[in-house]
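Quick notes on the structure that follows.
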Protein chains: 2
Amino acid sequence: MTATTALEHILEELEQAEGLAGLQIAIEALRSEMNVDHMVYHWVDSAGDQYGCGTYPPEWVQRYLDQNYLRVDPVIAGCYQRFHPVDWKRLDWSSKAARAFQKEAISYGVGNQGFSVPIRGPNGQFALFTVSHSGNDAEWATFTKTHTKNMLLISHVFNRKALDLEPDRTPEHAQALSPREVDAVTLLAMGYNRAQVAQSLAISEHTVRVYVESARFKLGAMDTTHAVARAISRGLIVV
Amino acid sequence: MTATTALEHILEELEQAEGLAGLQIAIEALRSEMNVDHMVYHWVDSAGDQYGCGTYPPEWVQRYLDQNYLRVDPVIAGCYQRFHPVDWKRLDWSSKAARAFQKEAISYGVGNQGFSVPIRGPNGQFALFTVSHSGNDAEWATFTKTHTKNMLLISHVFNRKALDLEPDRTPEHAQALSPREVDAVTLLAMGYNRAQVAQSLAISEHTVRVYVESARFKLGAMDTTHAVARAISRGLIVV
DNA sequence: TTTCCCCTCCCCCAAAATGGGGAGGTGCCG
DNA sequence: CGGCACCTCCCCATTTTGGGGGAGGGGAAA
């Protein structure tokens, strides 16, 4: 199994890589080693910011960003619905927008086949590690079958490196909620209203309000709904 | 590398396993193969329901459920904050409740060392694949270093099998939101109120209301906050 | 073609949440 | 000891939401 050894070698180099440039070198080496047209790492954070690195043509990347294809791309939508690596064929391409998107992607040189590994983070973070290739279904089925394990391993190692590049958001995210705030916000997120929360926590409705206001302030939220959204996105509450 | 071969053999058997009983057999084989005290798969879904299988003493599992330790367990809280496998030592055990929990866990036979792989799903689903062992820090460091890759692979395969056992929730979860509903709910989740959403979408405030009510109905939510929480948990909106 | 869902708009009114104050207790850390 | 963060309680006025109606046009699917 020389392929595996070569892969492991690249992964070891990846561990030593520094900066986005290092990741770029590694991803090209991996693409070459796995003998596919494209390999891409795509990161989306809770604010909707995204970045990535990979071998897609820059024009396509630019187009994708300009058109805000993030909200159209069935790969994004589909992987948001899944735990597991997914073959693009199994995604939902039924909408008109999706088919137009697919056609355009192929015209830019993105392969007609693809396979993406989703990785989900605590703050609404979401990363995709993708291989894409032009070829028929049979070839591609063989590829995905033999390389699923490798893709898993690669995506994990790569993602870990990519996280090191993330600007440290802990200062703003470190705003933890107090236990009672967590209680209150959690119950609200579960569909309770303030009165029910108060009863459930055996405190006055007004106290609940103080907690929610406090949580709202800490989370920089405009209202309760916003606060709940942020608390969930940041993994502060378990709904 | 006979260890790897044996592991792969077990994983192949796991692929064939059927039912929770099959997983139980597999997890015991894996525990034995990796030579640790305990191996556990723990699943938490968006409703707060949980189940699992593994080698923890039944008394501890019962105690955990009875006491609702889900909301205390630093392994749960910590893995909710992380992308990556984590050594229990790196978690936050500073709170009184956490230390009491740890002490009680050890008294029930859970090892003092542990290593958990978090896997996050689209519907607020969350699974943990854990190995736990009693031993000193040096031994454990060696173990984690050599077995991280295996743990990744195992947790993936195991999780995929476990998902097959999940009751099919697609009927209730398949309730996708219409594009405008997604727009409205997304903006609400971003802290806009109805009037702002209306302005932002260039539609009447009343229309926004119709969308939100519709989304609330589809999501089975009690109010807007609940609807937003569910939409985020189910990955229907990207905040 | 009929049916169904989606998008868009309007009315009224009751209920709930929010924002602005203030106040007292505990417990921890420097 | 003095702050600081946390937990708990109260009033009032205002804003926001929710629930009940109804109505028309468009597109897709059966």
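For clarity, every value in this text was computed on a predicted model and none was experimentally measured. So you know, we letter chains A, B, ... as the sequences are listed, proteins then strands, and number each from 1.
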- Task: Mind telling me whether B:Y64 and B:H42 have parallel, tilted or perpendicular rings, with 30° and 60° as the class edges?
- Result: perpendicular
Under 3.5 Å, N/O pairs linking protein and nucleotides 9-13 of chain C:
residue, atom, partner, partner atom, Å
C:dC9, OP2, B:S204, N, 2.5
C:dC9, OP2, B:S204, OG, 3.4
C:dC9, OP2, B:T207, OG1, 2.9
C:dC10, N4, B:H206, NE2, 2.2
C:dC11, N4, B:H206, ND1, 3.2

- Message: Please check: side-chain N/O of A:Q113 versus main-chain N/O of A:G135, any donor-acceptor pairing under 3.5 Å?
- Response: yes
Can you list, pair by pair, the side-chain donor-acceptor contacts under 3.5 Å of residues 207-216 of chain B, counting residues two or more places apart and other chains?
residue, atom, partner, partner atom, Å
B:T207, OG1, B:S204, OG, 2.9
B:S214, OG, B:E181, OE2, 2.5

- Task: Round to a whole Å and report the spacing from CD of B:E213 to P of D:dT17.
- Result: 12 Å
- Task: Please report, rounded to the nearest Å, how far the C1' atom of D:dG18 is from the CG atom of B:L188.
- Result: 13 Å
- Message: Treating B:S200 as the side-chain partner and B:V197 as the backbone partner, does any N or O pair qualify as donor plus acceptor under 3.5 Å?
- Response: no
- Over how many whole Å does the gap from B:R216 atom CZ to C:dA16 atom P extend? 13 Å
- Task: Mind telling me whether B:Y56 and B:H38 have parallel, tilted or perpendicular rings, with 30° and 60° as the class edges?
- Result: perpendicular
- Establish, yes or no, whether a centroid distance under 6.0 Å links the rings of B:F101 and B:W88. no
- So which one's nearest nucleotide on DNA chain C is more toward 5', B:L201 or B:T225? B:L201
Set out, line by line, the N/O atom pairs under 3.5 Å between protein and nucleotides 24-26 of chain C.
none

- Nucleotide D:dT17, atom P - distance to OH of B:Y192 in whole Å: 14 Å
- In whole angstrom, give the distance that lies between atom NE2 of A:H226 and atom C1' of C:dA17. 17 Å
- Just call it for B:S214: base, sugar-phosphate, or nothing, with non-hydrogen atoms closer than 4.0 Å on any strand. nothing
- Atom OH of A:Y211 and atom P of D:dC6 are separated, to the nearest Å, by 11 Å
- Can any side-chain N or O of B:H156 pair as donor or acceptor with the backbone N or O of B:L152 at less than 3.5 Å? no
- State which of D:dC7, C:dA17, D:dC6 makes the closest approach to the side chain of A:N193. C:dA17
- Message: Tell me the closest heavy-atom pair linking B:M39 and B:V131, and the distance in Å.
- Response: CE-CG1, 3.5 Å
- Query: Should the pair B:D183-B:R180 be classified as a salt bridge under the 4.0 Å nitrogen-to-oxygen rule?
  - Reply: yes
- Classify the nucleic acid contact of A:M222 as base, sugar-phosphate or nothing, counting any heavy atom under 4.0 Å across all strands shown. sugar-phosphate
